[in-house]
Amino acid sequence: MKIATFNINGIKARFEALQDWLREAEPDVALLQEIKSVDEGFPREIFEEMGYRVETHGQKSFNGVAILSRLPLEDVTRGLPGDETDEQARWIEATVIGQRALRVACLYLPNGNPAPGPKYDYKLAWMERMRAHAEALLDSEEPVILAGDYNIIPQDEDAAKPEAWREDALALPESRAAFRRILNLGYTEAFRTRVPGPGHYSFWDYQAGAWQRNNGIRIDHLLLSPQAADLLRDVGIDKDIRAREKPSDHVPVWIELDA
DNA sequence: ATGGTCGAGAGTCGA
């Protein structure tokens with residue numbers, strides 16, 4: 001089973017590029033962030049005609065997540081548990097029925113800038129809620145995959161210019177510590193367990209020729225529970241699509257599982 | 001140090 005995460009930065013601007021990539025990469029499950037659309041505005045028919053089930057958790061203008069799956073989905077839930085007053089659409093979760101059942105979450109973790117400030121406070125509180133939920137998910141019998149735009153640069157080697165991110169919410173020590181607390185529950189970050197060293201990125205800013213200068217950061221991650229890590233066969237980043245017409249500022253990151 | 005670019009959709013904010 002191939003599972004990919006992709007921050008598309010707006011479905012209205014990206015549905016053609018998204019279709020092209022789906023045809024080429026053929027993921028069984030595509031986890032999308034920043035759809036920037038309400039549920040009714042998501043062009044679900046386009047993807048249903050390609051054989052995908054479509055589950056969205058949208059919001060007007062900002063945020064919004066979605067799951068496209070060629071495999072059956074069960075028990076779809078929307079929203080990160082732990083705060084009923086949180087109205088931001090950043091989490092959708094479903095059980096994917098392949099050769100075996102996998103619990104898959106698609107997440108868009110808050111950016112948190114500027115830090116310090118209320119947005120950074122929200123990021124850290126959200127990560128603590130995620131930690132609690134990630135811990136609860138480990139109690140299930142199923143392999144668990146937590147994938148999406150984490151807005152976290154885990155280590156300096158995950159940025160082309162780490163010094164430029166020193167004061168940024170994506171790289172502050174408190175941000176990295178909150179990310180490690182989730183990993184230390186027993187999750188494995190899929191890409192890093194297979195590919196060591198610097199130079200691997202999933203985001204290049206639109207500004208200042210970041211792509212042309214390869215000034216990137218690696219902030220899109222797939223975290224695997226121990227049962228899911230046992231199934232890991234391959235990982236990759238579809239870097240080349242960043243060079244196309246009207247690209248997202250992120251590119252897809254994917255895993256292949258024996259499942 | 002500054003300004004640089006996108007997307008959504010409304011006359012600006014978030015990234």
Side-chain angles (χ1 to χ4, degrees), chain A residues 5-21 30-44 46-47 56-66 80 86-91 106-127 130 147-154 158-172 174-176 178-179 201-221 238-253:
Chain A
T5 178
F6 188 8
N7 180 323
I8 58 172
N9 191 15
I11 187 61
K12 294 174 185 69
R14 212 70 61 217
F15 66 88
E16 289 177 312
L18 178 56
Q19 283 182 91
D20 290 344
W21 168 74
L31 306 170
L32 309 179
Q33 301 87 39
E34 282 207 271
I35 64 173
K36 294 187 174 179
S37 165
V38 294
D39 295 334
E40 308 77 58
F42 193 92
R44 59 171 48 246
I46 292 174
F47 304 102
T56 61
H57 182 37
Q59 172 180 348
K60 188 178 179 182
S61 303
F62 306 114
N63 307 323
V65 286
L80 175 63
D86 185 0
E87 296 187 348
Q88 298 193 33
R90 296 178 174 278
W91 189 281
C106 170
L107 64 106
Y108 176 47
L109 204 148
N111 176 295
N113 282 303
K119 290 186 178 181
Y120 193 56
D121 295 341
Y122 175 71
K123 177 176 193 154
L124 294 178
W126 198 98
M127 292 185 79
M130 178 176 168
D149 177 358
Y150 276 73
N151 271 314
I152 292 285
I153 302 168
D158 298 310
K161 298 184 176 180
E163 67 283 357
W165 299 91
R166 204 72 72 196
E167 312 284 319
D168 193 282
L170 278 61
L172 282 170
E174 208 172 351
S175 305
R176 289 178 170 175
F179 182 66
Y201 311 125
S202 65
F203 169 92
W204 295 260
D205 200 287
Y206 288 124
Q207 300 185 64
W211 167 249
Q212 288 75 12
R213 298 163 190 265
N214 196 25
N215 179 16
I217 52 177
R218 198 174 67 87
I219 56 174
D220 299 272
H221 310 297
D238 289 343
K239 176 180 180 177
D240 290 350
I241 73 164
R242 184 63 177 79
R244 295 186 180 176
E245 292 292 308
K246 279 190 64 127
S248 172
D249 40 8
H250 296 249
V251 297
V253 184

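Just so it is clear: chains get the letters A, B, ... in the order the sequence lines come, proteins before strands, and each one is counted from 1.
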Separation between the [atom1] atoms of [N] and [M], rounded to whole Å:
N: B:dG3; M: B:dG7; atom1: P; value: 23 Å
N: B:dG4; M: B:dA15; atom1: C1'; value: 14 Å
N: B:dG14; M: B:dA10; atom1: C1'; value: 14 Å
N: B:dC13; M: B:dG9; atom1: C1'; value: 11 Å

Starting from [atom2] on [N], measure out to [atom1] on [X] and report it in whole angstrom.
X: A:Ile217; N: B:dA15; atom1: CD1; atom2: C1'; answer: 11 Å
X: A:Leu170; N: B:dG14; atom1: CG; atom2: C1'; answer: 13 Å
X: A:Lys123; N: B:dG14; atom1: NZ; atom2: C1'; answer: 14 Å

Backbone N/O of [Y] and side chain of [X]: donor-acceptor pair under 3.5 Å:
X: A:Gln33; Y: A:Leu31; value: yes
X: A:His221; Y: A:Val253; value: no
X: A:Thr56; Y: A:Gly58; value: no

Under 3.5 Å, is there a donor on one side chain and an acceptor on the other for [X] and [Y]?
X: A:Trp204; Y: A:Asn215; answer: no
X: A:Tyr201; Y: A:Asn214; answer: no
X: A:Asp220; Y: A:Ser202; answer: yes

Please work out whether the ring planes of A:Trp21 and A:Phe6 are parallel, tilted or perpendicular, with thresholds of 30° and 60°.
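Perpendicular: the ring planes of A:Trp21 and A:Phe6 meet at over 60°.
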Of the residues in residues 106-119 of chain A, which ones touch DNA chain B at a heavy-atom distance under 4.0 Å?
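DNA chain B contact set from residues 106-119 of chain A: A:Tyr108, A:Asn111, A:Lys119.
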What is the per-nucleotide protein-contact pattern of nucleotides 3-11 of chain B, from the 5' end, where B denotes a base atom under 4.0 Å from a protein heavy atom, S denotes such proximity for sugar-phosphate atoms only, and - denotes neither?
-BBSSSSS-
Mind checking what makes ring pair (Phe, Tyr, Trp, His ring centres under 6.0 Å) contact with A:Tyr108, not counting sequence neighbours?
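Not a single residue meets the ring pair (Phe, Tyr, Trp, His ring centres under 6.0 Å) criterion with A:Tyr108.
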